[in-house]
Amino acid sequence: MPGLNSSLNIGLSGLEVAQAALNVVGHNIANVNTPDYSRQRAIITASDSQNFGNLQFGAGVTLTNVQGIRNRFLDLQITQATSRQSGAETRYNGLEAIASAFQDDGTSGLNTLVQNFFNGFNKLASTPEDGSARNNLIGQAQSLVNGMQSRYEMLENQRKQADGSLSGIVEQINSLTKQIAQLNDRIATEPLPGSDNDARDQRQTLAKDLASLVGVQVFEDDKGRMQISLDSGAAVLVNGNTAYKMSLAPSTIAGNYQNVQVAQGSGAMVDITTKVNEGQLGAYLDLRDDVLPGYERKLDELAAGIASQVNTIHNAGFALNGTTGRDFFLGAVANGANGLPTTVTAVSNYKGMVNSLKVNSVLATDPSLIAAAGVAGAAGNNSVALRLAALQQATGTVDTNGDGTGDSGPYSTMISSLANRVGTDAQGFGVTSTNQDNLLSALSTQRDRASAVDLDEEATSLITFQRGYQAAARFISVIDTLTDQLVNQFGR
Amino acid sequence: MSLRTPNPLTNYQTRLDLQRSKERMTDLSNQISSGNRLLRLSDDPTGSALVLDFQNSIAINKQHIDQANRATSFLKTSETTLSSLDDSLQRLLELGQQGQSDITGSNGRANIANEVDGIRSTILSLANTQSQGKYLFSGTNTTTQPFTLTATGANYAGNGASINLDITSSTSVSTNIPGNTVFFGAGGQGSSTDMFTQVTNLRDALTSNNSAGIKTACDNIKNIQSALNNQITDLGGRQASIEQITTDLGSYNESLQTIQNTYQSVDYPTAISEWYQEQTAQQASLSVISKTGKTNLFDYLG
């Protein structure tokens, strides 16, 4: 039979384990509001029993582990959903910022500007000999050019902003991947596998932050280390305790924009500019290189459509002084026919048309040179002005495939379809963002059901372990009395 | 089975729902205050594009209405001028009657000839009428004075072209009558239908006491007057048809506006009741959250 000292040890183990369990409870309570904290549980088992003869006596209690309650599968799903949600939200915000430029309140929209411009030709047709109709037309033409250019500039600025955001994002990504790699190292070298709960929680927070910045695929290897690669699988960001550095390099093709690259194990740079789908990084690259240039192209096509059609007819008309053969609009310096760029391809199409567009300065200085007449010397002849005004409703006025012939139109349809496209894109990303938000909230609620700290639960544990501690202390005091009896009182 | 429900305050779904309800309330109150259902393109991309199309159709119809009004103003000025011309011709015929009468002596005829000469100047100034900076009766040579008097009649410096304006995308209306058709008539310059020649002939016949000449001139002027009346009727007819088109365009625009409003305008009863619904839901969930957050086992421990 175990002696009194063994009994004291049993009482001691009870005290120690109760105090350790109280520590765990205290840690949980202290972290009740810590994001991504997983509640911990003291795993308590009875100590191995001792043999006395053919009897087995218990030897008290042991704390075998402090276990974090987490669902790894949910954590990974949350990371993925975070990527998609932040990707859609960033795209949505980027589009909302420019969408207002394509709305029309009937006084200043693109459609109104085009209408006013062509209505200028209507007025010119009614009084071709009158200077005020001509001045009005030049003014409307300038407003149209300015209106298109300011919208184009808005798109350009949005692209520049997207590009400008990259450096900050890449810096954050590098800092996050480095920290994750360090935590991976801590976790891989933990003395008792699965015991470093707080490192895992911290790493999950970092992984979520990382996922909102860049689309990633995440899994854990057999040592519990988080392996992170891009969502497209094109490059690895974290492998074990190594983080691969992401950096920016000036792009050789995309003008002043920057490419994104990752240094892989061998030190070779992998260009990932087109290989990030989600997260803020993916969204900004998509906005910069794909979505916004698509809208810019539509504006360029519209500008080219208006300039070429107006110029073709205007060239054939006669000014008040009987001269002919002038362009109404001028395009790039290396103007081809009708103010269009000299080479047009299906890919570049009329790139840069809006920016180079201007009203022919000769006409702006002397509006009497606007050709309203179909014959020389007849001041009241308005046949060319009528043809120009009728362009407003003509089809086949806009070339969208770069083959030099108009295939779309009228202009107003192009504008409303552009507005529709911007709206539909924004709506699509808005809906995706909402859906991912819903998914994220469902997943997070599910995760919290398993992992979050419940104060009622902790209060119960607190009482339980407090009582355990009190009882163990009582037991020690009883054994102490017995020992006292034996040592001090015996034989008196 | 019982589910752990750690902390209702950190419940993501509740937070998200509250956020969304607030967002909807903001949207609704923006819609109500602006009267516009389409705050953002992404609210209803198809509706927004349709509204643009409607706005475009309405604007183009307005352009047509404006153009029709300008056409009417030219036609009206021409009509007024031709009516004055008609008055002058009427007076000439009266004077011709007097000149043919035997009671009128040679002195009287000389006086009448003077008045006829005056009327000829009036007719000339009517023929050179300008409106909005253009000569009405010089065809498309609108900056050139069309008629100048000569000893025998008048010369025409204009041309025979008509000035058309488009008042719908398919309807074009001529806004002028070339001066040569009005003043020279079907026979052309110097013929029996040439107004200036006949007035000059009348004056000369009066001066030379030539009754037969006076009668011939009067008969010709009578024919000229009836041709003029046809042209006045024609001008009136053109204005009437423009007015018809303007009225049609106006009512067409009204119906377009009505359709546009169904896409664009807020339906106030719906919007306001939706706003109240959101508000009730929000208040209810806020009050529930504030109560559930309060109770905790720690409150009851000593």
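Proteins get letters first, then strands, A, B, ... in listed order; numbering begins at 1 in each.
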Item to complete: Please round to the nearest 0.5 Å and tell me the distance separating atom CG of A:Leu462 and atom CZ of B:Phe298.
Response: 5.5 Å
Item to complete: Give a yes-or-no answer on whether the side chains of B:Gln132 and A:Thr127 include a donor-acceptor pair shorter than 3.5 Å.
Response: no
Worksheet item: Which answer fits A:Leu418, side chain, backbone, both or neither, if we ask what part of it has an atom under 4.5 Å from a heavy atom of chain B?
Response: neither
Practice prompt. Specify which of A:Asp130, A:Ile415, A:Asn438 makes the most heavy-atom pairs with chain B at under 4.5 Å.
Written response: A:Asn438
Worksheet item: Once you round to the nearest 0.5 Å, how far does CG of B:Leu16 lie from CG of A:Leu440?
Response: 9.0 Å
Response to the item:
Those residues of residues 41-58 of chain B that come under 4.5 Å of chain A on a heavy-atom basis, listed by number, are B:Leu41, B:Ser42, B:Asp43, B:Pro45, B:Thr46, B:Ala49, B:Leu52, B:Asp53, B:Gln55, B:Asn56
Discussion item. For residues 247-257 of chain B, give me every residue with a non-hydrogen atom less than 4.5 Å from any non-hydrogen atom of chain A.
Written reply: none
Worksheet entry | From A:Asp456 atom CG to B:Arg4 atom CZ, the distance as rounded to the nearest 0.5 Å | 10.5 Å
Worksheet, complete the sentence: Looking only at A:Ser444, A:Ala419, A:Gly109, A:Ala390, the option with the highest number of non-hydrogen pairs under 4.5 Å against chain B is A:Ser444
Fill in: Pairs flagged by salt bridge (charged side-chain N to carboxylate O under 4.0 Å, His left out) wherever residues 54-72 of chain B is involved - sequence neighbours left out
none
Worksheet, complete the sentence: Here the gap from A:Ser126 atom OG to B:Asp166 atom CG, rounded to the nearest 0.5 Å, amounts to 11.5 Å
Worksheet, complete the sentence: On a heavy-atom basis, the closest approach of B:Arg20 and A:Asp437 is NH2-CB, 3.5 Å
Worksheet entry | Taking every non-hydrogen atom, the tightest pair across A:Asn382 and B:Leu165 | ND2-CD2, 3.6 Å
Worksheet item: Closest approach of B:Arg40 and A:Glu96, non-hydrogen atoms and distance?
Response: CD-OE1, 2.6 Å
Worksheet item: Taking all non-hydrogen atoms of both residues, which atom of A:Pro128 and which atom of B:Lys134 are closest, and how far apart?
Response: CD-NZ, 3.8 Å
Discussion item. Just checking A:Arg467: does its CZ atom have more than 12 heavy atoms from other residues, nucleotides or ligands closer to it than 6.0 angstrom?
Written reply: no
Discussion item. Strictly distance-based, threshold 3.5 Å: is any side-chain N or O of B:Thr142 a donor or acceptor partner for the main-chain N or O of A:Gly380?
Written reply: yes
Worksheet item: Applying a criterion of heavy atom separation less than 4.5 Å, what residues of residues 117-125 of chain A form contacts with chain B?
Response: A:Asn119, A:Asn122, A:Lys123, A:Ala125
Worksheet item: Is it the backbone or the side chain of B:Leu39 that comes under 4.5 Å from a heavy atom of chain A, or both, or neither?
Response: backbone
Worksheet item: Okay, side chain of B:Gln63, backbone of A:Gln115: is any donor-acceptor separation there less than 3.5 Å?
Response: yes
Worksheet item: Looking only at heavy atoms, which two atoms of B:Ile60 and A:Gln393 are closest? And how far apart?
Response: CD1-CG, 3.5 Å
Worksheet item: Using non-hydrogen atoms only, which part of A:Phe429 is less than 4.5 Å away from chain B: side chain, backbone, both, or neither?
Response: neither
Worksheet entry | Pick from A:Ala426, A:Ala385, A:Ala450, A:Ala379 with the largest number of heavy-atom pairs that fall under 4.5 Å of chain B | A:Ala379
Discussion item. Using a 3.5 Å distance criterion without hydrogens, assess whether the side chain of B:Arg15 forms a donor-acceptor pair with backbone atoms of A:Ser441.
Written reply: no
Worksheet item: What part of B:Phe74 lies closer than 4.5 angstrom to a heavy atom of chain A: side chain, backbone, both or neither?
Response: side chain
Worksheet item: Does the pair B:Leu297 and A:Thr460 meet the rule for a side-chain contact (heavy atoms from CB on, under 4.5 Å), with working shown?
Response: CA-CA 8 Å; B:Leu297 182 53; A:Thr460 315; 3.6 Å; yes
Worksheet entry | Portion of A:Arg421 that has a non-hydrogen atom of chain B nearer than 4.5 angstrom | neither
Practice prompt. Go through the atoms of A:Thr434 and report whether side chain, backbone, both or neither lie under 4.5 Å from a heavy atom of chain B.
Written response: both
Practice prompt. Measure the CG-CG distance between A:Asn381 and B:Asn141 for me, rounded to the nearest 0.5 Å.
Written response: 9.5 Å
Discussion item. Taking side chain as everything from C-beta outward and backbone as N, CA, C, O, which of these in A:Leu443 sits under 4.5 Å from a heavy atom of chain B? Side chain, backbone, both or neither.
Written reply: neither
Worksheet item: By a 4.5 Å heavy-atom criterion (distance strictly below it), what part of A:Ala373 contacts chain B: side chain, backbone, both, or neither?
Response: neither
Discussion item. So which residue, A:Gly131, A:Ser412, A:Ser417, A:Pro410, ends up with the most heavy-atom pairs under 4.5 Å with chain B?
Written reply: A:Ser412
